Amino acid sequence: MKHLYMMRHGQTLFNVRRRIQGSCDSPLTELGIKQAEAAKELIKDIAFDHYYSSTAERASDTLEIVTDGQVPYTRVKGLKERGFGLFEGESEDLNPHFDDFKYDDLFPHYGGETTKQVQHRVVKTLTEIMNKEDHEVVLAVSHAGASMQFFSAFNDPDIIFNSGGFTNCCILHYTYDNNKFKFVEILRPEVK
């Protein structure tokens with residue numbers, strides 16, 4: 001049985017400033033760096049054989065902190081955050097509530113992606129990664145929205161929402177067997 005650990009990046013300047021961050025990028029904050037360091041401590045005894053990151057700098061920076069920059073990794077576009085089109089970098093005040101029935105209707109009109117497009121992209125990407133022969137224990141650093149859509153493809157999202165939400169640097173652990181992902185646990189690093 002294979003194992004996938006999917007981590008959200010550390011806190012960024014746009015997280016603090018409440019900016020829609022999709023495909024655009026912003027640097028990790030001091031807290032974001034501490035979160036990545038706490039995640040490193042939390043998973044230090046896991047023997048990963050492959051490492052992947054979204055192409056966003058905030059994700060690759062998080063991975064480099066977690067691994068002390070000592071391992072090769074692959075940046076993959078399929079792990080990137082949802083594209084919000086013209087809403088990129090704008091205030092979160094313009095972002096409708098996710099439960100609003102119009103949420104998915106809005107972004108494609110402005111060059112963004114739908115929830116289903118993100119889910120399909122991330123599931124396809126991680127399935128291809130985990131189907132590689134020598135990939136037994138994989139760490140992939142991605143984003144809240146992309147990770148949530150992956151989780152929601154196989155599970156009720158309320159499991160995450162009712163257990164503290166999708167916090168920065170939290171890690172979702174899955175097993176992978178016979179082309180199926182099974183959620184095992186959520187790991188939450190504690191910043192001291």
Side-chain angles (χ1 to χ4, degrees), residues 3-46 48 50-84 87-98 112 118 122 126 137-152 157-174 183-192:
H3 295 268
L4 168 67
Y5 292 81
M6 189 172 191
M7 176 187 292
R8 181 184 179 194
H9 61 79
Q11 182 193 68
T12 67
L13 179 62
F14 274 17
N15 292 147
V16 173
R17 302 216 35 216
R18 294 189 20 66
R19 296 284 176 191
I20 297 172
Q21 192 165 223
S23 297
C24 66
D25 214 352
S26 70
L28 296 177
T29 62
E30 189 175 315
L31 176 58
I33 292 167
K34 288 179 181 176
Q35 290 166 332
E37 290 168 346
K40 173 174 64 175
E41 184 63 26
L42 184 63
I43 61 174
K44 68 181 180 186
D45 295 327
I46 300 172
F48 295 106
H50 287 85
Y51 301 84
Y52 290 84
S53 169
S54 155
T55 52
E57 188 174 315
R58 61 193 186 266
S60 59
D61 285 354
T62 298
L63 180 58
E64 289 174 14
I65 292 167
V66 167
T67 63
D68 287 325
Q70 298 299 307
V71 299
Y73 66 94
T74 304
R75 294 176 66 181
V76 181
K77 287 184 181 182
L79 294 176
K80 69 182 183 172
E81 181 60 289
R82 176 189 195 135
F84 289 94
F87 285 79
E88 298 279 336
E90 297 294 336
S91 171
E92 282 285 353
D93 294 335
L94 297 176
N95 198 354
H97 189 272
F98 190 76
V118 176
V122 179
L126 287 170
V137 184
V138 173
L139 176 61
V141 181
S142 188
H143 309 271
S147 297
M148 184 53 79
Q149 288 313 309
F150 180 76
F151 182 86
S152 298
D158 283 343
I159 294 170
I160 300 295
F161 295 129
N162 294 335
S163 68
F166 211 91
T167 54
N168 290 100
C169 282
C170 70
I171 305 159
L172 300 177
H173 175 200
Y174 301 89
F183 174 66
V184 177
E185 62 184 332
I186 186 166
L187 305 171
R188 295 185 188 279
E190 293 183 28
V191 176
K192 296 176 183 177

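Treat the numbers as computed from the prediction; the structure is a model and nothing was measured. FYI, side chains are in, hydrogens and waters are out, and symmetry mates aren't considered; it's all heavy atoms of this structure.
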- Message: For R188 and T167, which I'm curious about, is there any donor-acceptor pair between the side chains at under 3.5 Å?
- Response: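 T167 and R188 do have a side-chain donor-acceptor pair below 3.5 Å.
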- Query: How about S54 and E81: does a side-chain donor come under 3.5 Å of a side-chain acceptor?
  - Reply: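 Per modelled atom types, S54 and E81 side chains form no pair under 3.5 Å.
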Hey, could you give me the [atom1]/[atom2] distance between [X] and [Y], rounded to the nearest 0.5 Å?
| X | Y | atom1 | atom2 | answer |
| --- | --- | --- | --- | --- |
| Y51 | E64 | OH | CD | 13.0 Å |
| I46 | L139 | CD1 | CG | 8.5 Å |
| R18 | L94 | CZ | CG | 10.0 Å |

- Task: Using the side chain to side chain contact (heavy atoms under 4.5 Å, CB included) rule, take H173 and I186 through it: C-alpha gap first, then chi angles, then the decisive distance, then the call.
- Result: CA-CA 6 Å; H173 175 200; I186 186 166; over 6 Å; no
Is the shortest heavy-atom distance from the side chain of [X] to the side chain of [Y] under 4.5 Å?
| X | Y | answer |
| --- | --- | --- |
| C169 | T62 | yes |
| Y5 | V137 | yes |
| M7 | S142 | no |
| M148 | F161 | yes |
| N95 | F87 | no |
| F166 | L172 | yes |
| V141 | Y73 | no |
| I171 | M6 | no |

- Query: So, does S53 use its side chain to make a donor-acceptor pair with the main chain of S60 at under 3.5 Å?
  - Reply: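 Yes: the side chain of S53 pairs with the backbone of S60.
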- Taking the side chain from S163 and the backbone from I160, do they hold a donor-acceptor pair closer than 3.5 Å?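 Yes; judged by distance alone, with no hydrogens or angles, the pair exists.
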How close do [X] and [Y] get, heavy atom to heavy atom, and via which atoms?
| X | Y | answer |
| --- | --- | --- |
| A140 | L126 | CB-CD2, 4.2 Å |
| F84 | G22 | CD1-CA, 3.6 Å |
| S91 | R19 | N-NH1, 3.3 Å |
| G10 | N15 | O-OD1, 4.1 Å |

- Message: Less than 6.0 angstrom separating the ring centers of F150 and Y174, yes or no?
- Response: yes
- Message: Are more than 12 heavy atoms, taken from residues, nucleotides or ligands other than E30, located less than 6.0 Å from that residue's CD atom?
- Response: no
- Message: The test is side chain to side chain contact (heavy atoms under 4.5 Å, CB included); show your working for E57 and T12 and say whether it passes.
- Response: CA-CA 10 Å; E57 188 174 315; T12 67; over 6 Å; no
Between side-chain atoms of residues 31-43 and protein atoms elsewhere (two or more places apart, or another chain), which donor-acceptor pairs fall under 3.5 Å?
from	atom 1	to	atom 2	distance (Å)
Q35	OE1	Q11	N	2.7
K40	NZ	D68	OD1	2.8
E41	OE2	K44	NZ	2.6

- Which residue, R8, R58, Q21, forms the side chain to side chain donor-acceptor pair (under 3.5 Å) with H143?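 Exactly one pass, corresponding to R58.
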- Can I159 and F151 be said to form a side chain to side chain contact (heavy atoms under 4.5 Å, CB included), step by step? CA-CA 10 Å; I159 294 170; F151 182 86; 3.9 Å; yes
